[in-house]
Amino acid sequence: MLEELEQQYAAAAAALAAAEGRETLAAWHSATLGKKGGIYLLTRNMGALGPDERPAYGRRLNEVKAELEAAYDMKLAAAEADELEAQIATGALDVTLPGRQPATGRLHVITQTLRDIYRVFGDMGFQVYRSRDVETDEVNFELLNFPPHHPAREMQDSFYTTAEGVILRTHTSGGQIRAMREQYPEPIRVVLPGMCYRNEQVTARSEMQFTQVELLAVGDDISFADLKGTLTEFARRMFGADRQTRFRASYFPFTEPSAEMDISCFLCGGAGCNICKYTGWLEILGCGMVHPTVLRNGGYDPEKYFGFAAGMGPERIAMLKYGIDDIRQFWANDLRFLGQF
Ligand code: DAH
């Protein structure tokens, strides 16, 4: 009997030594020490033994079980450690590698410029008023004092739709009419931003689509001094507190008198550089007092109301501010360009 026990023990120990991996070990355990396992079943031999052999056999059997159990525990722990090791190795994370930067979006440089403009005028009480991109010839031109065949139309050739008299707006000035007709008889302080379209030869200096921001103030006590004060304050907030402004007489059909506003060059401070073409001044916007006919077309009696208006090009402002030399960059959708702002 003892001999059989020793044989089984040797066989079980050899099988255990050869077993690799948790599954194999578990199979070995149930085949050896489990309730139906070879070693466990040896307990049954006890009954066949005489009373003097029984204690020695029982003691040895317990020893063998304990040794196999201990050896099994050690192998199992080693197998678990190996498994963990392998998992760590395959799922290796090298925390010393540089991180991957998530691609974050940003606002288009013109959107940023528009928001800068809104902020300055917003502080002065102007609200953003959105007018339409597809506009009638009547609002875009006629009500602004450009009758058919007026020579000032020459500078603003548009894109025409198949609907008679419906075009893409060439400037934001038509929005003045819509804002006035909507807000009459209230006083008005609005900025009218948006995309404009012109049938132009596209070059580094002119595009067929570009944004404009229009400014309109209407009230019963608005004077040219308000225009100068508002626009000079804008120039200082937008381009630097020490900016000088100058107003040169100009012509627009919808303003009388009309002017163009220059600011002292913010790059050279007025001394002269290649951006201001050595004049010390940068042309920034057109402006003027709203023409009486335009006020009337908007519903406001020009005997009682006055207004001033201005129009500027955010692309031009951004070009000056960031030293961009080609206007086509803005709407070409090249991320290498857009990502710089
Ligand atoms: N609409 C003019 C243009 O596109 C710009 C402009 C000039 C707007 C003078 C104005 C203004 O409101 O007063 O060239």
Side-chain angles (χ1 to χ4, degrees), residues 108 110-111 113-114 117-118 126-186 188-203 205-218 250-256 258 285-288 290-302 305 307-316 327-328 330-333:
H108 191 283
I110 290 301
T111 306
T113 306
L114 285 170
I117 296 170
Y118 302 158
F126 287 80
Q127 289 184 307
V128 174
Y129 180 95
R130 290 190 185 276
S131 189
R132 55 192 74 181
D133 288 36
V134 180
E135 189 52 282
T136 60
D137 183 278
E138 185 188 20
V139 168
N140 191 82
F141 289 124
E142 279 173 50
L143 296 172
L144 293 176
N145 247 350
F146 296 75
H149 310 300
H150 190 284
R153 286 190 178 222
E154 190 86 340
M155 292 163 66
Q156 302 193 12
D157 190 15
S158 187
F159 292 103
Y160 296 83
T161 67
T162 48
E164 177 79 25
V166 179
I167 61 172
L168 298 187
R169 67 173 167 200
T170 57
H171 54 177
T172 45
S173 302
Q176 291 186 30
I177 297 290
R178 297 201 176 273
M180 283 192 279
R181 289 187 171 179
E182 198 174 297
Q183 300 192 14
Y184 177 82
E186 299 299 323
I188 298 175
R189 281 184 193 181
V190 288
V191 281
L192 304 120
M195 193 62 82
C196 301
Y197 311 85
R198 288 187 196 177
N199 184 11
E200 292 254 5
Q201 174 76 46
V202 174
T203 68
R205 312 182 121 258
S206 65
E207 247 290 24
M208 57 187 185
Q209 78 172 74
F210 53 89
T211 59
Q212 278 193 348
V213 174
E214 190 87 11
L215 193 71
L216 175 67
V218 176
S250 184
Y251 173 77
F252 302 102
F254 43 91
T255 45
E256 181 60 35
S258 304
L285 52 79
C287 58
V290 181
H291 194 286
T293 304
V294 175
L295 278 173
R296 194 177 301 111
N297 289 341
Y300 288 78
D301 180 354
Y305 291 93
F308 72 77
M312 66 192 83
E315 280 85 349
R316 177 169 164 75
I327 196 172
R328 291 170 293 196
F330 290 106
W331 308 107
N333 266 347

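This one's a predicted model, so the numbers in the text were calculated from it and none came from an experiment.
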Residues that Tyr160 engages under ring-ring contact (aromatic ring centres under 6.0 Å, His included), provided they are two or more places apart = none
What residues form a salt bridge (charged side-chain N to carboxylate O under 4.0 Å, His left out) with Glu214, not counting sequence neighbours?
-> none
Can you sort out the partners of Phe330 under ring-ring contact (aromatic ring centres under 6.0 Å, His included), two or more places apart, ordered by chain and number?
-> Phe337
Partners of Arg296 by side chain to side chain contact (heavy atoms under 4.5 Å, CB included), sequence neighbours excluded?
-> Thr293, Pro302
Partners of Asn297 by side-chain hydrogen bond (donor to acceptor under 3.5 Å, both in side chains), sequence neighbours excluded?
-> none
Residue set satisfying salt bridge (charged side-chain N to carboxylate O under 4.0 Å, His left out) with Arg328, at least two apart, ordered chain then number -> Asp326
Mind checking what makes side chain to side chain contact (heavy atoms under 4.5 Å, CB included) contact with Gln209, not counting sequence neighbours?
-> Met195, Tyr197, Trp331
Under the salt bridge (charged side-chain N to carboxylate O under 4.0 Å, His left out) rule, what pairs show up with a residue in residues 169-182, not counting sequence neighbours?
-> Asp133-Arg169, Glu135-Arg178
With sequence neighbours left out, write down each residue that passes side chain to side chain contact (heavy atoms under 4.5 Å, CB included) with Thr162, or none if nothing qualifies.
-> none
Test ring-ring contact (aromatic ring centres under 6.0 Å, His included) applied to Phe210 - qualifying residues, sequence neighbours left out | none
Output all residues satisfying salt bridge (charged side-chain N to carboxylate O under 4.0 Å, His left out) with Arg198, sequence neighbours left out; order by chain, then residue number.
-> none
Got a sec, which residues hit side chain to side chain contact (heavy atoms under 4.5 Å, CB included) with Ala332, two or more places apart in sequence or on another chain?
-> none
Distance-minimising heavy-atom pair for Gln212 and Thr170 | NE2-O, 4.5 Å
